[in-house]
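Structure first, then comments.
Read the numbers this way: they start at 1 and go in the same order the structure lists the ligands and their atoms. In what follows, every heavy atom counts, from backbone to side chain, and hydrogens, waters and symmetry copies are set aside. These figures come from a predicted structure and were not determined experimentally.
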Amino acid sequence: MTDKESFIRFLVECNALKFGEFQLKSGRIAPYFINTGMFDTGRKITHLGTHYAKAVHRYFSTGFDGIYGPAYKGIPLCVSTAMALADMGHDTGYVFNRKEAKTYADKSSTVGMALDGDTRLILVDDVITSGKAIRESLEVLKTSGNPKVKGIVISVDRQEKGTTEKNALTEVAQTLGIPIFAIVTLADITAFLHNQEINGQVILDDAMMEKIKTYLAQYGSA
Ligand SMILES: O=P(O)(O)OC[C@H]1O[C@H](OP(=O)(O)OP(=O)(O)O)[C@H](O)[C@@H]1O
Ligand SMILES: O=C(O)c1cc(=O)[nH]c(=O)[nH]1
């Protein structure tokens, strides 16, 4: 089994990949959803952090000072990635933002390592759909020391349109000049799961595959 296949299997076994009908942040109604909140035990989040740490190391080596995870789902992602990187011999910082402003004691809008204009971060997030969340999370940093974001690693590129017809990941990478890498794409997921039995069950059958194709006809952009 390839690394990508074992990651997809892990998504399925933790129920982090669901098929059905879901409203997304962008307002799109999608036939599938990735919920990294389902990595809800120490073992699962450790395993997830290891996948992210390997990807961060593969694409960015040690050229960064910390891992930034946008709230909320990015919080366990940045912590578990930093822990896994430390286990791999690269002790690095981590930081996440507050979604709501805090008005007393430590009022800063980020929690974790100190940030300044020389800090080099890697942003980790769960998925990219339209790219809105990633753009918003980069804005937050401008008023929090203005660190440099050297790259972005996500679990799944849903391979959808951004603000134009272009793929959201490519659009964000090009307009912001930040390289983005996904552990897997939707195409990897469908290629592996279509009519494939996992623990005795096919979760992506022909009918669901048709729904995904219909959705992609409207929002897809590979
Ligand atoms: O590319 P986009 O169209 O922006 O969509 C993807 C984003 O939407 C969700 O964020 P949300 O703020 O809903 O996440 P949370 O559950 O972590 O608070 C998800 O965690 C991604 O970050
Ligand atoms: O676009 C979204 O809002 C979204 C998609 C997805 O697969 N998972 C998620 O948490 N959010």
Side-chain angles (χ1 to χ4, degrees), residues 7-8 10-12 14-40 44-45 48-49 51-52 55 67-81 94-101 109-112 121-141 149 151-176 178 180-190 192-193 203-204 208 211-212 215-216 218-222:
F7 185 69
I8 296 164
F10 176 54
L11 289 175
V12 173
C14 294
N15 279 324
L17 167 60
K18 287 264 205 260
F19 295 97
E21 192 175 286
F22 306 91
Q23 179 165 1
L24 307 184
K25 184 182 174 93
S26 52
R28 300 174 189 177
I29 308 291
Y32 79 99
F33 190 73
I34 308 291
N35 182 0
T36 53
M38 297 306 290
F39 300 110
D40 57 1
K44 289 175 193 171
I45 199 68
L48 184 67
H51 274 285
Y52 270 84
I67 307 294
Y68 168 49
Y72 289 101
K73 297 212 196 74
I75 297 174
L77 291 182
C78 71
V79 176
S80 60
T81 302
Y94 72 83
V95 61
F96 55 87
N97 65 298
R98 295 182 195 279
K99 272 202 179 183
E100 307 80 15
S109 52
T110 57
V111 179
L121 297 177
I122 302 297
L123 186 157
V124 291
D125 205 358
D126 49 3
V127 303
I128 186 166
T129 304
S130 70
K132 190 168 177 238
I134 286 180
R135 287 175 197 279
E136 287 171 355
S137 3
L138 292 170
E139 275 308 304
V140 170
L141 294 178
V149 175
I152 300 173
V153 172
I154 56 171
S155 284
V156 180
D157 176 7
R158 295 179 53 104
Q159 299 181 298
E160 297 189 28
K161 293 174 189 171
T163 56
T164 63
E165 291 299 299
K166 217 182 240 180
N167 168 262
L169 184 151
T170 309
E171 198 182 73
V172 172
Q174 287 178 352
T175 55
L176 302 177
I178 301 175
I180 312 185
F181 297 98
I183 298 174
V184 295
T185 62
L186 174 63
D188 294 326
I189 292 176
T190 54
F192 180 58
L193 288 184
I203 60 160
L204 179 49
M208 186 49 72
K211 287 187 185 172
I212 291 176
Y215 177 76
L216 290 180
Q218 188 173 5
Y219 295 115
S221 180

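Of the possible donor and acceptor atoms, one in the side chain of Y68 sits under 3.5 Å from a partner among the backbone N and O of S137. Within the 3.5 Å criterion, the main-chain N or O of G20 finds no donor-acceptor partner in the side chain of K211. Of the possible polar contacts, one joining the N97 side chain to the A71 backbone as a donor-acceptor pair under 3.5 Å is found. Side-chain atoms of Y215 do not come within 3.5 Å of backbone N or O of G220 as any donor-acceptor pair.
Closest to atom 3 (O) of ligand 2, if we only count protein heavy atoms, is K25 N, 2.8 Å. Scanning the protein heavy atoms around atom 16 (O) of ligand 1, the nearest turns out to be K73 NZ, 2.9 Å. Of the protein's non-hydrogen atoms, the one nearest atom 7 (C) of ligand 1 is A133 CB, 3.6 Å. The protein non-hydrogen atom at the shortest distance from atom 9 (C) of ligand 1 is K25 CD, 4.1 Å. Nearest non-hydrogen protein atom to atom 18 (O) of ligand 1 is K99 NZ, 2.8 Å. For atom 3 (O) of ligand 1, the closest non-hydrogen atom on the protein side is S130 OG, 2.6 Å. Of the protein's non-hydrogen atoms, the one nearest atom 4 (C) of ligand 2 is F33 CE1, 3.6 Å. Looking from atom 19 (C) of ligand 1 to the surrounding protein, the closest heavy atom is D126 OD1, 3.4 Å. Nearest protein neighbour of atom 22 (O) of ligand 1, counting heavy atoms only, is D125 OD2, 3.0 Å.
When side chains are defined from C-beta on, S221 does not count as touching E171, because their heavy atoms never get closer than 4.5 Å. Side-chain contact check for T81 versus Y94: every heavy-atom pair is 4.5 Å or farther apart. Side-chain contact check for Y32 versus T190: every heavy-atom pair is 4.5 Å or farther apart. Side-chain contact between K73 and N35 is present, with heavy atoms from C-beta onward closer than 4.5 Å. I178 places none of its side-chain heavy atoms less than 4.5 Å from the side chain of L123.
Contact atoms of ligand 1 toward V127: 6 (C), 21 (C) (distance under 4.0 Å to a heavy atom of the residue). Taking a cut-off of under 4.0 Å to the non-hydrogen atoms of G131, the atoms of ligand 1 that pass are 1 (O), 2 (P), 3 (O). Every atom of ligand 2 with a heavy atom of K73 under 4.0 Å away is listed here by number and element: 10 (O).
Both the backbone and the side chain of L24 come within contact range of ligand 2, each with a heavy atom under 4.0 Å. Using a 4.0 Å cut-off between heavy atoms, I34 contacts ligand 2 through both its backbone and its side chain. By the criterion of a heavy-atom distance under 4.0 Å, both the backbone and the side chain of T129 are placed next to ligand 1. The proximity of K132 to ligand 1, defined as any non-hydrogen pair under 4.0 Å, involves the side chain as well as the backbone.
Residue D126 places a heavy atom less than 4.0 Å from ligand 2. Under the 4.0 angstrom criterion for non-hydrogen atoms, R28 is not in contact with ligand 2.
The shortest N/O to N/O separation between R158 and ligand 2 falls below 3.5 Å. Taking distance alone, with nitrogen or oxygen atoms compared against 3.5 Å, I134 stays at or beyond that limit from ligand 1. Note: an N/O pair closer than 3.5 Å links T129 and ligand 2 by distance alone. Checked by distance only, ligand 2 and Y32 stay at 3.5 Å or farther apart across all their nitrogen or oxygen atoms.
Between V149 and L138, the closest heavy-atom pair is CG2-CD2, 3.6 Å. For S80 against G49, the heavy-atom pair with the smallest separation is OG-CA, 3.5 Å. The two residues I154 and I152 come nearest to each other via the heavy atoms CG2-CG2, 4.1 Å. Between F39 and A16 the shortest heavy-atom distance is CZ-CB, 3.6 Å.
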